[in-house]
Every structure is written in C-alpha cells, then in structure tokens.
Enquirer: 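This structure is in structure tokens; I'll ask about it shortly.
Only heavy atoms go into these numbers, but all of them, side chains included; no hydrogens, no water, no symmetry mates. One is the number of the first residue; the rest follow in order along the sequence.
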Amino acid sequence: MTEKKLCTDSGIEIKKVYYPLPSSDGIEIPGQFPYTRGVQADMYRGKLWTMRQYAGFSTAEESNKRYHYLLSQGVMGLSVAFDLPTQIGYDSDHALSEGEVGKVGVAIDSLEDMEILFQGIELEKVSTSMTINATGFILLAFYVALAKKQGANLTKITGTIQNDILKEYAARGTYIYPPKPSMRIITDIFEWCAQSLPKWNTISISGYHIREAGSTAVQEVAFTLSNGKAYVAAALAKGLDINVFGKRLSFFFNAHNHLFEEVAKFRAARKMWAQIMKDLGATDEKAMMLRFHTQTGGATLTAQQPLNNIARVTIQSLAAVLGGTQSLHTNGYDEALSLPTEEAARIALRTQQIVAFESGAPDTVDPLAGSYFVESLTADIIQEATTLMEKIDAMGGAVTAIEEGFMQDEIARSAYAYQLSIESGEKIIVGVNKFQVAETNKVPAFKIDDSIQQIQSEKLQKLRAKRDQPKVDALLEKIAQTAQSSENLMPVVIEAVENLCTLGEIADSLRKVFGEHR
C-alpha cells in the first residue's frame, strides 16, 4: 500500500522522520545576525511580548470604555480598529458612509473624536497600534495633535501605524490614491517621524491580510518581504538613511493552525529580512532586525461550534510565542459571528496570559531550535519564499507585481485550492466538514446600533459651526499645494487637524491632486 503523502498548508512535504541538516553556518546565536533565533539575546526572560487586544467599534465614547476595561484586565498596549469610512477617507456624514459608520471599527472624523477615544489615557504611558493605511497619515496627525494637547514629550511617544498600502492593493482593498503618490505619503511619514517622533514605528508591513485573503505561509513571507523591499527602495530614493528609518520598520504576521510551519515561518522571515537589509546597505544591527506583531488567524475561526475557536487561538498564540513575536493580539472565539463581546475579548486575553505565565514557553529562547523538523521547515520556507521573491524582483519589484496582478492571482489560486481541499474532505476543519453537530447557537452576538451615523453627523455639524472656516479653507488649500510640491506633507496635515479640519476634508484635498486608484 502506498503511504499517504502529508504536506504543510504551503504544500511543503512532511517526511516521516527528520535528521539534522548539514550546516556550514555554525550555531546561530539569539540576538545576533541573522536573528533566526530571535531579535533579543534573552527574549521573554527579559521582557514578555506586548499583549494587545485589537478593539474599536461604534463611537469614540464606546471604544474608550472598552480600552479602559482592557487596560484594567492586564493589556499592555492598545490596538485601534477603525470603521470603513475612516479607513477610506470619508467623514461619517458622507453619502458613501451610509450603513458602515462604527460597524467594523470606531468612527474617527476629527481631533475631537480622537480626544474622546483616549480620554483618561496618557499617550506617553501607553503604546498604541493603529490599523490604518490609506488615511494613516491623518490618524497619526490626530494622535500627535492630541499628544501635544496632553503636554506629552513627542520623543517618548511609542506605537505603530500600519501604513502598508501595497498589501491593500494586493489583498484587502482599502486604498484611496494610486501607488506612486501613496508611496510618497509613506516616505513623508518616515522622514517626519525620524526627526519628530523617533520612537514611533512608521510602518507595519503586513502579511496578515495577505494570509487572510488565502495565501500560503510561504506566499505570506515572500509577498510581505517584497513589499518591505519596495518601501526601503522608496525611502532610499528619497535620500533617507537606512540605518535610521530601518529601525522603525515593523512587520505584522498571521498565525494559523499548523504549529510547526508557523514557528518556522517566523524564524525564516527574520533570517531573510536581516540579509535583505544588509544587502541594501544597512550596517546598524537594529536596522536589520525583523520585529513583528502577530494576530491569530481570523480566517481560521468557524461560525460552527464557535467555542472550538478557543483551542485554535491557543495553538496560534503558542506558535507566535515559540516563533519569537514582539507583540500579540488574540482573536475572540465569537469573531466569525460578530465583533467580540467583552467576555470573548477577556478569554482571548487570558489565553495569552496562560501561555505567558503557565505554559513555560517563554522560559527559554527559541525553544524549538534544533528540532530536526522545525529547522528543516525553516530552510524549506526560506528556499521557496526566496524563489518567489526572485520572480517578483525580475518583474521590477512589488509595485509592478501588484500592478500586473501577479500577487493577486497567486493568492487567489492558493485560496481556491485550499477551499477545494476542504470541500473534498482532504483537509479536515473540525465542526465544519467533520465532527459536526446540530447547531443550537447560543453565543450572544455583539451588535452595533445603526443610530451611530446620526450621532457622528450631529457631532460634525457642531464642529463645523464653531471652527474658523476661512482658516480651514486656507489649510486645505495649503495641503493641496504641498502635495504638488516636494515638501513634506505631515506638518501641514498636523496644523490642519489642530484647526479642526476633518479626516474626509483632508483626504478629499489630496484626491483632487492625486486622483483615486481604480
């Protein structure tokens, strides 16, 4: 009888037994180039990863209550989810915002909303991650303006904006402007933060949404690092110092259920990025380190038997920690049904805390190093991802590969093949295509009231009635003029939000200059 061939989710064949790899590299040391074993010599023995919970819904008032609750439960850093109108540059009272205000995240239209969102929270004392891309520069401006109002020292402000527009074109879709002006905005952020906000991570180069769209682990690494190379190339072309901006690049990866492939993926990505940055001219060790945030896999959650998702999230959390993440968000078990309830968010956080304080996983650095299986998988992922990146380089880089639809087509093919494997029963998803039960779903769903748009629209009406309209008009015109020059956009955008220009108005002033990506 022919033995069944087993593969990882990326299609890498799994052998029955593994033996040591022949090595010419010598033993790799944690905290030393190429950082396969971690970016710190002592990893979690010195400091645990930052436990974040991604949250944001409805109005700034409602989200602020959830943030205070999460902080009281032991969260170390906040992670803000924004609604779709905020993500694509429309105020809540815009016709295209109808039905979407406050639904998948919090609605932020102005500096006043940002003040409410962080009421009672000192920005100097909390690290904030903002999952925002096309309008990332505006949300960063709101955050900086609020920090200044709080009297904070900007050199002490820490956090991250996602600010990764290339993966939006490839996998997610919340873009506004064409690639070239979008890359200009991103390098303006790099330049401004290097001078004014030195501890801020200016980009979180994201494989997460590439994986959510259906890519394999190998594609997640290859496409994410290719996008990273494109951002570095754009910054170098602007004359920025790779040893300065390189330290403020961060990454954002997904964690799926194949424990060993996921651990190997994180190790492989670190090793590959260190070599990429070295080849591009980085000499500062910190500029070669791949530091990353992980979120457990949203696409792996099932609406069927939703409590099973707690086990999935636990496996994924363990993969992230064994793989050396710097920051982690764990999904709520009910997120295939709705936004997470307070109970689900608490269980998700407790999952991280159990891994941190009860599992023993953080007690030694890179605990799976030397595993014949994990070392072999790490090498396989490096080899396959490098081959894919070479194809992208031959096309002229990530921007061209996206413009030609290469990444999108590769992701679509993988997603289709994966779905076929589930439908054929070759891939078992517990509770979905095997071990099913008659569902009596009693999980309480978290619903957002449709009145949120009216609340936000009334706020906007009051805001526009009280502000200095001629000053607002002049600043919006100044933004458009700056966009047509080579000047940095950040100072004028910060001045505009301080004078109560809205997110939609600022986005529109640039739409007139840059146009929209179709």
Enquirer: Hey, mind stepping through Tyr177 and His517 against ring pair (Phe, Tyr, Trp, His ring centres under 6.0 Å) and telling me if it holds?
Expert: CA-CA 5 Å; Tyr177 315 112; His517 181 65; over 10 Å; no
Enquirer: Show your working on side chain to side chain donor-acceptor pair (under 3.5 Å) between Ser215 and Glu220 and close with a plain yes or no.
Expert: CA-CA 6 Å; Ser215 83; Glu220 182 185 358; 5.3 Å; no
Enquirer: Going by the rule ring pair (Phe, Tyr, Trp, His ring centres under 6.0 Å), which residues pair with His256 if we only count those two or more places apart in sequence or in a different chain?
Expert: none
Enquirer: Taking it one step at a time, do Thr216 and Arg211 satisfy side chain to side chain donor-acceptor pair (under 3.5 Å)?
Expert: CA-CA 6 Å; Thr216 65; Arg211 193 68 179 280; over 6 Å; no
Enquirer: On a heavy-atom basis, which atom in Glu410 and which in Leu388 lie closest, and how many Å separate them?
Expert: OE1-CD1, 4.4 Å
Enquirer: Please check if the side chain of Gln326 supplies one atom and the backbone of Trp49 the other of a donor-acceptor pair under 3.5 Å.
Expert: no
Enquirer: Residues in ring pair (Phe, Tyr, Trp, His ring centres under 6.0 Å) with Tyr333, at least two apart?
Expert: none
Enquirer: Give, for atom CZ of Phe253 and atom CD1 of Ile205, the distance between the pair rounded to the nearest 0.5 Å.
Expert: 9.0 Å
Enquirer: Working to the nearest 0.5 angstrom, can you tell me the gap between Ser371 OG and Phe373 CZ?
Expert: 7.5 Å
Enquirer: Indicate yes or no: at least one non-hydrogen side-chain atom of Asn227 is less than 4.5 angstrom from one of Ile402.
Expert: yes
Enquirer: What's the separation between atom CE in Met289 and atom CG in Leu249, rounded to the nearest 0.5 Å?
Expert: 13.5 Å
Enquirer: Are Tyr143 and Trp200 close enough that their ring centres sit under 6.0 Å apart?
Expert: yes
Enquirer: Just wondering, do Tyr169 and Ser182 contact through their side chains at under 4.5 Å, heavy atoms?
Expert: yes
Enquirer: Where do Leu197 and Leu140 land on the side-chain contact (heavy atoms from CB on, under 4.5 Å) test, with the steps shown first?
Expert: CA-CA 10 Å; Leu197 210 65; Leu140 179 60; 3.9 Å; yes
Enquirer: Which heavy atom of Ala274 sits nearest a heavy atom of Pro34, and at what distance?
Expert: CB-O, 3.5 Å
Enquirer: For Tyr231 and Phe245, I'd like to know if the aromatic rings sit close, meaning centre-to-centre distance below 6.0 Å.
Expert: no
Enquirer: Could you tell me how the ring of His258 sits relative to the ring of Phe260: parallel (under 30°), tilted (30 to 60°) or perpendicular (over 60°)?
Expert: perpendicular
Enquirer: If you count the non-hydrogen atoms of other residues, nucleotides and ligands that lie under 6.0 Å from CD in Gln40, is the total more than 12?
Expert: yes
Enquirer: Suppose we screen for salt bridge (Lys or Arg N to Asp or Glu O under 4.0 Å). Which residues come up paired with Asp366, at least two apart in sequence or across chains?
Expert: Arg37, Arg267
Enquirer: Taking side-chain hydrogen bond (donor to acceptor under 3.5 Å, both in side chains) as the definition, give me every residue that meets it alongside Thr341, ordered by chain and number, with sequence neighbours left out.
Expert: Asp334
Enquirer: Tell me if a side-chain donor or acceptor on Thr86 pairs with a main-chain N or O of Ile108 at a distance below 3.5 Å.
Expert: yes
Enquirer: Answer yes or no: is there a side-chain heavy-atom contact under 4.5 Å between Leu71 and Ile121?
Expert: yes
Enquirer: Could you check whether Phe251 and His293 have their ring centres less than 6.0 Å apart?
Expert: no
Enquirer: Partners of Ala303 by side chain to side chain contact (heavy atoms under 4.5 Å, CB included), sequence neighbours excluded?
Expert: Ala336, Leu337
Enquirer: Please tell me if the side chains of Val75 and Thr50 come closer than 4.5 Å, counting only heavy atoms from C-beta onward.
Expert: no
Enquirer: With a 4.5 Å cut-off on side-chain heavy atoms, are Leu290 and Val39 touching?
Expert: no
Enquirer: Quick check, are the ring centers of Phe292 and Phe252 under 6.0 angstrom apart?
Expert: no
Enquirer: For Ser421, is there any backbone N or O sitting under 3.5 Å from a side-chain donor or acceptor partner on Ser424?
Expert: yes
Enquirer: For Arg172, which residues count as a salt bridge (Lys or Arg N to Asp or Glu O under 4.0 Å) partner, sequence neighbours excluded?
Expert: Glu168
Enquirer: How far does CE of Met130 sit from OG of Ser204, to the nearest 0.5 angstrom?
Expert: 12.0 Å
Enquirer: Could you tell me the separation between the CG atom of Leu259 and the CD atom of Glu262, rounded to the nearest 0.5 Å?
Expert: 8.5 Å
Enquirer: Can you list the residues that meet the side-chain hydrogen bond (donor to acceptor under 3.5 Å, both in side chains) rule with Glu212, with sequence neighbours excluded?
Expert: Asn254
Enquirer: Taking Asn257 as the fixed residue, which of Thr300, Thr296, Asp9 is the one that meets the side-chain contact (heavy atoms from CB on, under 4.5 Å) rule?
Expert: Thr300
Enquirer: Between the side chain of Gln162 and the main-chain N/O of Ser206, is any donor-acceptor distance below 3.5 Å?
Expert: no
Enquirer: Just wondering, do Gln436 and Gln304 contact through their side chains at under 4.5 Å, heavy atoms?
Expert: no
Enquirer: If we only count heavy atoms from C-beta on, is the Leu377 to Thr8 side-chain gap below 4.5 Å?
Expert: yes
Enquirer: With sequence neighbours left out, write down each residue that passes side-chain hydrogen bond (donor to acceptor under 3.5 Å, both in side chains) with Tyr67, or none if nothing qualifies.
Expert: none
Enquirer: Got a second to check how far His329's NE2 is from Thr131's OG1, nearest 0.5 Å?
Expert: 9.0 Å
Enquirer: Is Arg350 paired with Glu343 through a side-chain N to carboxylate O contact shorter than 4.0 Å?
Expert: no
Enquirer: Determine which pairs satisfy side chain to side chain donor-acceptor pair (under 3.5 Å) with at least one residue from residues 383-405, sequence neighbours left out, and list them in order.
Expert: Lys229-Asp393
Enquirer: Is the shortest side-chain heavy-atom distance between Gln87 and Asn133 below 4.5 Å?
Expert: no
Enquirer: Does anything in residues 400-424 form a ring pair (Phe, Tyr, Trp, His ring centres under 6.0 Å)? List the pairs, not counting sequence neighbours.
Expert: none
Enquirer: Determine, step by step, whether Asp409 and Arg413 satisfy the salt bridge (charged side-chain N to carboxylate O under 4.0 Å, His left out) criterion, reporting the C-alpha distance in whole Å, the side-chain angles of both residues, the deciding distance to 0.1 Å, and the verdict.
Expert: CA-CA 6 Å; Asp409 289 347; Arg413 264 196 290 274; 5.6 Å; no
Enquirer: Please list, chain by chain and in numerical order, all residues satisfying side chain to side chain contact (heavy atoms under 4.5 Å, CB included) with Ala282, sequence neighbours excluded.
Expert: Ile242, Asn243, Met277, Ala287, Met288
Enquirer: In sequence, state the C-alpha distance, the side-chain angles, and the governing distance for Gln352 and Gln53, and then conclude on side chain to side chain donor-acceptor pair (under 3.5 Å).
Expert: CA-CA 10 Å; Gln352 287 202 56; Gln53 284 306 109; 3.3 Å; yes
Enquirer: Let me see the working for Glu423 and Gln419 under side chain to side chain donor-acceptor pair (under 3.5 Å), right down to the final yes or no.
Expert: CA-CA 6 Å; Glu423 289 176 15; Gln419 187 59 34; 3.1 Å; yes
Enquirer: Grab the two heavy atoms, one from Ser317 and one from Thr330, that are nearest each other, plus how far apart they are.
Expert: OG-CG2, 3.0 Å
Enquirer: What residues form a side-chain hydrogen bond (donor to acceptor under 3.5 Å, both in side chains) with Glu426, not counting sequence neighbours?
Expert: none
Enquirer: With the threshold set at 4.0 Å, does a side-chain nitrogen-carboxylate oxygen contact exist between Lys247 and Asp284?
Expert: yes
Enquirer: Any donor and acceptor pair, going by atom type alone, linking the side chain of Arg52 with main-chain N or O of Leu328 inside 3.5 Å?
Expert: no
